[in-house]
Enquirer: 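The structure under discussion is supplied below as structure tokens; questions concerning it will follow.
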Amino acid sequence: MKKINLIIVSLSLWALSITACNNAKDQSNVNDSSYTMEEQLEIARLAAQLDGTVPDLYYFQEGKSIVISSDSIGFIRTNGQVTYIPELKELQQFSNGLAAGMTKEDIPCYVDSTGKIVKTFPDYQSVYDFGKDDITVFLHKNDKFGLMDKSFKELIPAKYNQTSFHDNGLFVVEFNGKWGAVDRNDKTIIPFEYESLGYLDDAGMILATKASLSGFIDQSGKVIAPLTYYNLFPYQENFARFIDKASGKYGVIDRKGNIIVQPKYNDIGFFKNGLAIVSNYNYQTGKGEDIITKRGYIDTTGKEIIPLTFTIAFDFEKRGLAFVQDSVGDAYIDRSGKKIQLKITEPMTKLGMFNHGFARIELGDGGFVYLDGYQRLLKKEDIIRLRDEYFK
């Protein structure tokens, strides 16, 4: 991997001698283009909070994020421009150019990217995001779900009791107590014979339950992983957790249903960036607490690459850092489990977990900095400056 030497472009970046040490490795300039779009959008989100534009906001989607003030709701763009829509009381994130909302008269509606209400639905209870195929679900006042397209034409009338999702041409629904799936023409694709069906994941598989046992089927209804599991969770990064009924322990299967981690842990998190958090409970008596949880990490082969020594552990961000806590205190570690040493002149009073590539560190003087995956430290003015550079 090409290394980029640190180039100091402004004295303000490292004011107060706040620097990060990466075991003598080169560091990239915070002014470079090494941040992913996800990280750039997080910078935009943080900047909007730090410069006082909005007190809090959600993630950005399609260049906009929902903002809520004491008496108004609207959206903010990545450059910090805010649009409030006084007619609304609720608003969802934008999808395919439209955002579902609710007027102050409790009428569902859609809003376009200018903030204009383009359509209201007095006969509905709710409307939802449009999918990639420009189709969405709606909930009628008769408490039934149906399907409509982006011209707001009803494709399937409100007739289904429940739905878990619509995506990729499939409308997964419950009818007369059984779950199945239909296409946009209301033709049955997956037979109505399941106790439950989950969402369609990125590999085209659906978590299915029948006779209280779970497995995975594809979007044609073909069984991929047999419905033999007592408790099963959706795939993430091609691996799914399950709970063994006899022992109550967690294990992991791959896309073919092969067990790659035998059920031996009290808990297993979702895989993220190739690693998953695993936990075991140690029961103690007479020592002030009955249960002590120890956490560590496994890789996609099931190998424990970081021992179970932490009381708190969070997922690794994509560049290989994670926030943990052990008997010594809070720390950041790399993928080998080694603690990262940060050279900061002010005492660190609180370390935060990573969110979309950045972790907030609060300092003893009341200030704060943000740590990125390159082990660089950014102050408030750096976050705002980067937002202004990325989103003019």
Side-chain angles (χ1 to χ4, degrees), residues 1-51 53 57-65 76-80 237 271-275 297 299 305 314-324 331-344 348 351-363 367-392:
M1 180 181 295
K2 181 179 179 181
K3 295 184 178 179
I4 305 174
N5 292 327
L6 174 64
I7 301 174
I8 300 178
V9 296
S10 68
L11 295 176
S12 65
L13 179 61
W14 298 120
L16 299 177
S17 299
I18 297 178
T19 58
C21 177
N22 186 12
N23 300 322
K25 293 181 179 179
D26 292 336
Q27 296 180 3
S28 298
N29 185 343
V30 297
N31 221 27
D32 65 26
S33 59
S34 59
Y35 288 130
T36 65
M37 181 53 67
E38 177 189 10
E39 291 165 335
Q40 292 180 28
L41 292 175
E42 179 64 6
I43 286 172
R45 190 185 74 85
L46 293 173
Q49 295 175 326
L50 296 174
D51 69 6
T53 303
L57 69 157
Y58 302 100
Y59 60 90
F60 279 92
Q61 186 166 308
E62 297 191 357
K64 293 172 282 295
S65 178
I76 183 172
R77 295 173 176 83
T78 50
N79 63 4
E237 295 191 357
F271 275 91
K272 186 172 182 180
N273 296 313
L275 298 178
Y297 297 84
D299 64 15
I305 65 165
F314 287 93
D315 290 326
F316 277 87
E317 55 84 40
K318 66 181 61 181
R319 306 191 201 285
L321 297 182
F323 168 72
V324 296
Y332 296 108
I333 60 171
D334 62 22
R335 290 172 70 96
S336 71
K338 183 178 180 180
K339 292 183 178 179
I340 302 302
Q341 301 300 317
L342 299 175
K343 291 184 178 179
I344 299 180
M348 296 179 289
L351 306 186
M353 60 178 287
F354 279 92
N355 182 39
H356 299 291
F358 299 91
R360 182 180 169 112
I361 300 176
E362 297 184 9
L363 306 176
F368 58 87
V369 291
Y370 284 91
L371 174 68
D372 70 10
Y374 296 103
Q375 301 181 34
R376 302 176 300 203
L377 295 161
L378 284 71
K379 295 167 63 180
K380 171 183 175 179
E381 52 263 40
D382 301 314
I383 294 290
I384 295 173
R385 173 176 53 80
L386 287 171
R387 185 274 308 273
D388 293 342
E389 291 176 1
Y390 289 137
F391 306 104
K392 298 183 186 297

Enquirer: Would you compute the distance between atom CZ of Phe60 and atom OG of Ser65 and round it to the nearest 0.5 angstrom?
Expert: 5.0 Å
Enquirer: For Glu317 versus Asn273, what's the shortest heavy-atom pair and its separation?
Expert: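 Residues Glu317 and Asn273, closest heavy atoms: C-ND2, 3.3 Å.
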Enquirer: Just one of Tyr332, Phe316, Tyr370 clears the ring-ring contact (aromatic ring centres under 6.0 Å, His included) bar with Phe354, so which one?
Expert: Tyr332
Enquirer: Got a second to check how far His356's NE2 is from Leu46's CG, nearest 0.5 Å?
Expert: 10.0 Å
Enquirer: Distance from Asp51 atom CG to Lys380 atom NZ, nearest 0.5 Å?
Expert: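 It comes to 7.5 Å.
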Enquirer: Does the distance from a Lys or Arg side-chain N to an Asp or Glu carboxylate O, for Arg376 and Asp372, drop under 4.0 Å?
Expert: yes
Enquirer: Which atom pair, heavy atoms only, marks the closest approach of Ile333 to Tyr297?
Expert: CD1-CE1, 4.1 Å
Enquirer: For the pair Leu342 and Ile361, evaluate side-chain contact (heavy atoms from CB on, under 4.5 Å) and give the outcome as yes or no after the intermediate values.
Expert: CA-CA 11 Å; Leu342 299 175; Ile361 300 176; 3.7 Å; yes
Enquirer: If I take atom CE from residue Met348 and atom CG from residue Leu371, how far apart are they, to the nearest 0.5 angstrom?
Expert: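 Rounded to the nearest 0.5 Å, the CE-CG separation comes to 9.5 Å.
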Enquirer: Under the side-chain contact (heavy atoms from CB on, under 4.5 Å) criterion, do Phe358 and Ile43 qualify, and how do the steps go?
Expert: CA-CA 9 Å; Phe358 299 91; Ile43 286 172; 3.7 Å; yes
Enquirer: Under 4.5 Å between any side-chain heavy atoms of Leu386 and Leu378, yes or no?
Expert: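 Counting from C-beta outward, Leu386 and Leu378 do come under 4.5 Å.
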Enquirer: I'd like to know whether Phe391 forms a side-chain contact (heavy atoms from CB on, under 4.5 Å) with Gln40, so could you lay out the CA-CA distance, the side-chain angles of the two residues, the decisive distance to 0.1 Å, and finally the verdict.
Expert: CA-CA 9 Å; Phe391 306 104; Gln40 292 180 28; 4.0 Å; yes
Enquirer: One thing to verify: whether Lys318 and Glu38 come together as a salt bridge, which I'm taking to mean a side-chain N less than 4.0 angstrom from a carboxylate O.
Expert: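 Salt bridge: yes.
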Enquirer: Are more than 12 heavy atoms, taken from residues, nucleotides or ligands other than Phe368, located less than 6.0 Å from that residue's CZ atom?
Expert: yes
Enquirer: Of all the heavy-atom pairs spanning Lys392 and Asp388, show the shortest one and how long it is.
Expert: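 Here Lys392 and Asp388 meet closest at CG-O, 3.3 Å.
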Enquirer: Please report the shortest heavy-atom distance between Ile340 and Leu321, naming the atom on each side.
Expert: CG1-CD2, 3.8 Å
Enquirer: Look up atom CG in Leu275 and atom CD1 in Ile305, then write down how far apart they are to the nearest 0.5 Å.
Expert: 4.0 Å
Enquirer: Between Tyr390 and Leu41, is the side-chain contact (heavy atoms from CB on, under 4.5 Å) condition met? List the steps.
Expert: CA-CA 9 Å; Tyr390 289 137; Leu41 292 175; over 6 Å; no
Enquirer: Specify the closest pair of heavy atoms between Ile76 and Ala48, including all atoms of both residues, with the distance to one decimal.
Expert: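 Looks like CD1-CB, 3.6 Å.
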Enquirer: Under a 4.0 Å N-O cut-off, is there an ion pair linking Asp382 with Arg385?
Expert: yes
Enquirer: For the side chain of Gln61 and the backbone of Lys64, is there at least one donor-acceptor N/O pair under 3.5 Å apart?
Expert: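 A pair under 3.5 Å: no.
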Enquirer: Where do Gly80 and Thr53 come nearest, in terms of heavy atoms and distance?
Expert: O-CG2, 3.8 Å
Enquirer: Between Tyr374 and Arg319, is any side-chain donor less than 3.5 angstrom from a side-chain acceptor?
Expert: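 A pair is found: one side chain offers a donor N or O, the other an acceptor, under 3.5 Å apart.
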Enquirer: If I take atom CD from residue Glu42 and atom CD from residue Glu39, how far apart are they, to the nearest 0.5 angstrom?
Expert: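 Glu42 atom CD to Glu39 atom CD measures 9.5 Å (nearest 0.5 Å).
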